[in-house]
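Let me begin by presenting the structure, written as structure tokens, before commenting on it.
What you see is a predicted model; the values in this text were computed from it and never measured.
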Amino acid sequence: MIRTVESQPLTSAPVLAAYSYCETVTGQQARNFAYGIRLLPTPERRAMSALYAFSRRVDDIGDGPLADDVKVARLEDTRALLARIRDGAVDEDDTDPVAVALAHAAARFPIPLGGLDELIDGVQMDVRGETYETWDDLKVYCRCVAGAIGRLSLGVFGTEPGARGSERAAEYADTLGLALQLTNILRDVREDAEGGRTYLPADDLAKFGCSAGFDGPTPPEGSDFAGLVHFEVRRARALFAEGYRLLPMLDRRSGACVAAMAGIYRRLLDRIERDPAAVLRGRVSLPGREKAYVAVRGLSGLDTRNVTRRTVRRRA
């Protein structure tokens with residue numbers, strides 16, 4: 001996917017206000033995501049904020065206290081709004097700032113808006129309380145709620161002209177989304193259990209004696225919880241390694257954004273690997289100074305160069 005940049009008309013005041021609203025939502029509710037997108041040029045940063053704000057709305061419906069039938073109705077209303085955006089039926093003076101911003105972003109960048117339909121599908125899976133027997137089953141969910149976000153983001157970033165292997169860019173973006181989502185699942189295993197949700201595959205839970213679930217600050221009695229976590233960490237690392245092949249296909253600032261966001265989650269994975277039981281005691285997070293270091297590393301292009309060197313060695 002190669003983006004061509006053409007001269008753009010000045011952005012109107014209503015659209016700027018809509019983007020400002022989306023950037024506020026992003027800054028307040030998605031600190032890891034916000035750390036990455038601040039590295040982008042203004043048009044791309046605004047577009048990513050619009051994508052986040054719409055996605056946040058969908059997630060909030062699924063996670064909120066409403067009855068399930070009301071959630072389903074709200075999700076379908078959101079899908080109808082997405083259809084209006086796709087059809088170009090949202091005016092600049094619309095009262096919904098998220099719709100205004102996303103409509104403008106979709107007109108400027110080749111964003112595959114069908115990915116947001118997939119996100120709604122994934123949240124509907126949450127509302128139905130679906131569980132997952134195998135990793136292949138869980139991948140379907142992860143592709144809806146995270147892989148789709150990777151592909152949507154690629155619509156904003158585009159790929160560098162002449163980038164080798166760019167026909168697989170969407171595949172790598174999808175895989176990187178899976179890596180981030182699996183890291184999220186590990187980090188939030190206790191919080192999700194308290195909300196009545198289990199995401200890790202039932203096959204994996206049974207293999208490590210964890211089928212009883214995670215309703216307390218200690219692992220199930222007699223289980224190999226550390227073994228389970230290390231098993232899932234290895235799976236996530238393999239997904240990161242594959243997804244990072246996207247980096248050399250992006251321009252410097254888009255690559256820095258992706259490297260920063262992915263780098264934060266890889267460091268979370270490191271912390272979880274060192275102390276698996278920490279995820280049962282509370283939410284594992286990174287301090288601001290460490291996030292800043294990851295952002296600087298992304299801007300340096302170090303991760304991109306590492307991927308390029310590994311690719312060259314494989315071809316040699």
Side-chain angles (χ1 to χ4, degrees), residues 14-30 32-34 37 45-130 140-156 170 173-174 177-178 180-181 184-185 188 191-192 195-197 199:
V15 171
L16 287 175
Y19 277 131
S20 179
Y21 173 84
C22 292
E23 289 188 285
T24 298
V25 170
T26 303
Q28 290 177 345
Q29 301 191 37
N32 290 345
F33 187 83
I37 67 170
R45 188 186 70 246
R46 288 172 175 165
M48 292 294 288
S49 294
L51 281 171
Y52 176 81
F54 190 94
S55 302
R56 180 75 266 166
R57 179 178 295 181
V58 175
D59 285 341
D60 285 347
I61 293 171
D63 292 337
L66 299 171
D68 287 351
D69 59 336
V70 179
K71 289 182 179 182
V72 170
R74 293 279 181 89
L75 289 169
E76 288 308 318
D77 287 345
T78 307
R79 198 188 297 274
L81 174 61
L82 179 60
R84 287 181 56 222
I85 294 169
R86 185 184 292 113
D87 294 341
V90 174
D91 296 327
E92 289 187 358
D93 60 355
D94 194 284
T95 57
D96 186 336
V98 176
V100 171
L102 184 57
H104 187 272
R108 181 162 190 177
F109 298 98
I111 299 172
L113 290 176
L116 291 171
D117 275 307
E118 292 180 56
L119 173 62
I120 294 170
D121 292 341
V123 173
Q124 287 179 328
M125 294 166 75
D126 280 336
V127 173
R128 292 194 298 268
E130 292 196 18
V140 174
Y141 170 78
C142 291
R143 285 212 156 93
C144 286
V145 300
I149 302 301
R151 286 177 268 121
L152 287 159
S153 301
L154 184 62
V156 176
D174 183 276
L178 265 63
L180 269 61
Q181 186 62 24
N184 267 337
I185 287 171
D188 297 340
E191 181 180 325
D192 289 333
R197 293 177 181 171
Y199 290 103

- [ ] Identify the two heavy atoms, one from Asp174 and one from Ala148, that lie closest to each other, and give their separation to 0.1 Å.
- [x] OD2-N, 4.4 Å

TODO: Please confirm whether the backbone N or O of Leu16 pairs with a side-chain atom of Ser20, one donor and one acceptor, at under 3.5 Å?
DONE: no

- [ ] Begin from the C-alpha positions of Arg84 and Asp96 and carry the test salt bridge (charged side-chain N to carboxylate O under 4.0 Å, His left out) through to its verdict.
- [x] CA-CA 12 Å; Arg84 287 181 56 222; Asp96 186 336; over 6 Å; no

- [ ] Under the side-chain contact (heavy atoms from CB on, under 4.5 Å) rule, what do Asp60 and Arg74 come out as? Steps first, then yes or no, please.
- [x] CA-CA 11 Å; Asp60 285 347; Arg74 293 279 181 89; over 6 Å; no

Task: Heavy-atom check, side chain of Ile85 versus side chain of Phe54, under 4.5 Å - done: yes

Open item on the list: What's the separation between atom CZ in Arg57 and atom CG in Leu82, rounded to the nearest 0.5 Å?
Closed with: 11.0 Å

Open item on the list: Let me confirm one number: the CG-CZ distance from Leu51 to Phe33, rounded to the nearest 0.5 Å.
Closed with: 7.0 Å

TODO: Considering non-hydrogen atoms only, spot the tightest contact between Val156 and Phe109 and give its length.
DONE: O-CD2, 3.7 Å

Open item on the list: Quick check: do Thr26 and Arg56 have side-chain heavy atoms less than 4.5 Å from each other?
Closed with: no

Task: Test item: Val100 and Pro14 side chains (from C-beta on) under 4.5 Å apart, heavy atoms - done: no

TODO: Could you tell me which non-hydrogen atom of Ser49 sits nearest to which non-hydrogen atom of Ile37, and how far apart they are?
DONE: OG-CD1, 3.5 Å

Task: Distance in Å, Cys142 SG paired with Ile149 CD1, rounded so as to fall on 0.5 Å steps - done: 12.5 Å

- [ ] Decide side-chain contact (heavy atoms from CB on, under 4.5 Å) for Val90 and His104; before the verdict, give the C-alpha distance in whole Å, the side-chain angles of both, and the deciding distance to 0.1 Å.
- [x] CA-CA 9 Å; Val90 174; His104 187 272; over 6 Å; no

Open item on the list: Which residue is it: Asp192, Asp63, Asp188? I am looking for the one with a salt bridge (Lys or Arg N to Asp or Glu O under 4.0 Å) to Arg197.
Closed with: Asp63

- [ ] Using a 4.5 Å cut-off on heavy atoms from C-beta on, say whether the side chain of Arg46 contacts that of Cys22.
- [x] no

Open item on the list: Return the OH to CG distance between Tyr52 and Leu152, rounded to the nearest 0.5 Å.
Closed with: 14.5 Å

Task: Donor-acceptor contact below 3.5 Å, side chain Tyr19 vs main chain Ala105 - done: yes

Task: Ala173 versus Gly150, closest heavy-atom pair with distance - done: CB-O, 3.5 Å

Could you go through residues 115-126 and list every donor-acceptor pair under 3.5 Å that involves a side-chain atom there, pairing it with any protein atom two or more places apart or in another chain?
unit_1: Asp117; atom_1: OD1; unit_2: Arg79; atom_2: NH1; d: 3.1
unit_1: Asp117; atom_1: OD2; unit_2: Arg86; atom_2: NH2; d: 2.6
unit_1: Glu118; atom_1: OE1; unit_2: Arg151; atom_2: NH2; d: 3.1
unit_1: Glu118; atom_1: OE2; unit_2: Arg151; atom_2: NH1; d: 3.0
unit_1: Asp121; atom_1: OD1; unit_2: Arg79; atom_2: NH1; d: 3.4
unit_1: Asp121; atom_1: OD1; unit_2: Arg79; atom_2: NH2; d: 2.9
unit_1: Gln124; atom_1: OE1; unit_2: Arg79; atom_2: NH2; d: 3.2
unit_1: Gln124; atom_1: NE2; unit_2: Glu76; atom_2: OE2; d: 2.7
unit_1: Asp126; atom_1: OD1; unit_2: Tyr141; atom_2: OH; d: 3.3
unit_1: Asp126; atom_1: OD1; unit_2: Tyr199; atom_2: OH; d: 2.7
unit_1: Asp126; atom_1: OD2; unit_2: Tyr141; atom_2: OH; d: 2.9
unit_1: Asp126; atom_1: OD2; unit_2: Tyr199; atom_2: OH; d: 3.4

Open item on the list: Are the side chains of Leu102 and Leu113 in contact, using a 4.5 Å heavy-atom criterion?
Closed with: yes

Task: Residues forming a ring pair (Phe, Tyr, Trp, His ring centres under 6.0 Å) with Tyr21, sequence neighbours excluded - done: none

TODO: Please round to the nearest 0.5 Å and tell me the distance separating atom CE of Met48 and atom CD1 of Ile111.
DONE: 9.0 Å

Task: Heavy-atom pair of closest approach, residues Leu81 and Ala99 - done: CD1-CB, 3.9 Å

